[in-house]
Structures are given as structure tokens and as C-alpha cells.
Amino acid sequence: MAGSDTTARSSGGRSAPDTVKILIAGGFGVGKTTMVGSVSEIVPLRTEEPLTMAGLGVDDLNGVEEKRATTVALDFGRITVSDDLVLYLFGTPGQQRFWFMWNDLAVGALGAVVLVEVRRPKSSFAAIDFFERRGIPFVIAVNGFHGEHPYPVEDIQEALALPDGVPVLLCDARERESCRDVLISLIDRLIAEAAPAG
């Protein structure tokens, strides 16, 4: 896959798998840390800190009043999709005051998952805009908290004003298989876009 880190070394006649950098992005409290942790085959690296009084009036806790910690730099995990493909997952911080880190995290990323929480869809507009402006392919993953998906995909597509061709998938960030399906959908989109026209 173009842009992936293919290593020419081989061990026992087998070449090393392609590694692909994927961002997991979205607004504050949409489930990015949960998704990385659910799907990662290694113990994920987390940079979470407790929410404090200093964040009052800065962090919007509407709809996520139970949230007690927040990512201040990144989350990191890894998943082997096949013998030939390993994904490195980088979860972005959600609060606006940490968005400056997104530019650095996006370096070398081939694609992204934008997590959306239907109670607060506007919280993911910035992530959608970020990837659109940089030409980084992405998919939308609608995180159904408590396994609930009250709106059909068509309504979500319309509410987010998505460009044609952006897949919208329903998922549960707590469930490994659900998250894996989202990542496979993103890889399918990357492969389709990398294929020569005609």
C-alpha cells in the first residue's frame, strides 16, 4: 500500500508486514481511548489525566458528566489485521486546547476514524474538517453508548454534511470486533482509493 512502511528484511523467507498509521479522532468524550483500548493487541499507551477544577468552564461536559479523566497527548495501540498488515493506532486528544497536537499526530497517517457520539454530533465537526482539508481519507464510526443507535445512517450522513463516499458505520467502542470492523472498512477505502483508475 502506498505510503506504508514496508521493510525489505525477511525472516525465514517471510517479509515483514506493512505497517500503517491510523488516527482515531473526534470530539471530547466520544470514546477514542475506549476504542484504542478495546481493539489493541498490546497494552495501550495512554496519557490520561484526571479532570480537575481548572477545566471548569473550559471543557464541555454536557452529555459526559460522568467523565473523570481525559487524554492530554495521545493514545497508542496496535492491531494485526493479517500476516501482511499491522495497524498502529494513534488516538487524538479531544479538547480544543490540545488540538495543536493533531498536526504532529497526522504526519505519516494514511487514514483516520472519526468517532461520533449522536448526543453531541457537533463535537466531531472539527475532526471531519481537519481530515477533509488535509486530504486524509476517513470513515465515520458512530459510537453507540450502551449499545444504542437511535438514528439511521442516512440521518447521520445528512446531519454531518458528509462528502460523497465517506462510509458511516455503527459501532460500539467497547467491543473489539465492532472496532475491528470499522478499521477494516477504513483499510478497504484506502485500498480502493489507491487502486489505479480504470
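Values reported hereafter were calculated over all heavy atoms of this structure, with side chains retained and with hydrogens, waters and symmetry mates removed.
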Leu23 vs Phe131 side-chain heavy atoms within contact, under 4.5 Å | yes
Rounded distance (nearest 0.5 Å) linking atom CE of Met35 with atom CG of Leu89 | 7.5 Å
Those residues that, when tested against Arg134, pass salt bridge (charged side-chain N to carboxylate O under 4.0 Å, His left out) (two or more places apart) = none
Looking only at non-hydrogen atoms, find the nearest pair between Leu170 and Ser178 and report the distance.
-> O-OG, 4.4 Å
Between Lys32 (side chain) and Gly27 (backbone), is there a donor-acceptor pair under 3.5 Å?
-> yes
Within one Ile-Leu-Val-Met-Phe-Trp-Tyr cluster: Val139 and Ile191, side-chain cutoff 4.5 Å = yes
In Å and rounded to the nearest 0.5 Å, what is the SG to CZ distance from Cys179 to Arg174?
-> 10.0 Å
For the residue pair Pro93 and Leu105, establish whether any side-chain heavy-atom pair is separated by less than 4.5 Å.
-> yes
Say you draw a straight line from CG of Asp18 to CG of Leu87; how long is it, rounded to the nearest 0.5 Å?
-> 10.5 Å
What one should report as the nearest heavy-atom pair of Ala173 and Asn143 is N-OD1, 3.0 Å
Of all heavy-atom pairs between Val81 and Arg180, which one has the smallest distance, and what is that distance?
-> O-NH2, 3.1 Å
What is the minimum heavy-atom distance between Leu115 and Cys171, and which atoms define it?
-> CD2-SG, 4.2 Å
Enter the distance from Ile184:CD1 to Leu169:CG here, rounded to the nearest 0.5 Å.
-> 11.0 Å
Would you give the length of the straight line joining atom CD of Glu132 to atom CZ of Phe125, rounded to the nearest 0.5 angstrom?
-> 11.0 Å
Heavy atoms, side chains only, cut-off 4.5 Å: are Thr92 and Val114 in contact?
-> no
Any pair with a residue in residues 186-195 that passes salt bridge (Lys or Arg N to Asp or Glu O under 4.0 Å), sequence neighbours left out, goes on the list, sorted by first then second residue, please.
-> Arg189-Glu193
Can you list the residues that meet the salt bridge (charged side-chain N to carboxylate O under 4.0 Å, His left out) rule with Glu175, with sequence neighbours excluded?
-> none
Can you tell if the side chain of Ile128 reaches within under 4.5 Å of the side chain of Ile140, non-hydrogen atoms only?
-> yes
Arg78: side-chain hydrogen bond (donor to acceptor under 3.5 Å, both in side chains) partners, not counting sequence neighbours = Glu41
How would you list, by chain and number, every residue that makes a salt bridge (charged side-chain N to carboxylate O under 4.0 Å, His left out) with Asp104, sequence neighbours excluded?
-> none
Per-pair distances, 0.1 Å, donor-acceptor, side chain in residues 155-167, under 3.5 Å, sequence neighbours excluded:
none

Between CG on residue Asp75 and CZ on residue Phe90, distance to nearest 0.5 Å = 11.0 Å
Linking I/L/V/M/F/W/Y whenever their side-chain heavy atoms sit closer than 4.5 Å, directly or via other members, would Leu190 and Val107 fall into one cluster?
-> no
Of all heavy-atom pairs between Ser124 and Gly26, which one has the smallest distance, and what is that distance?
-> OG-CA, 4.0 Å
How far apart are the closest heavy atoms of Leu183 and Val113, and which atoms are they?
-> CD2-CG2, 4.0 Å
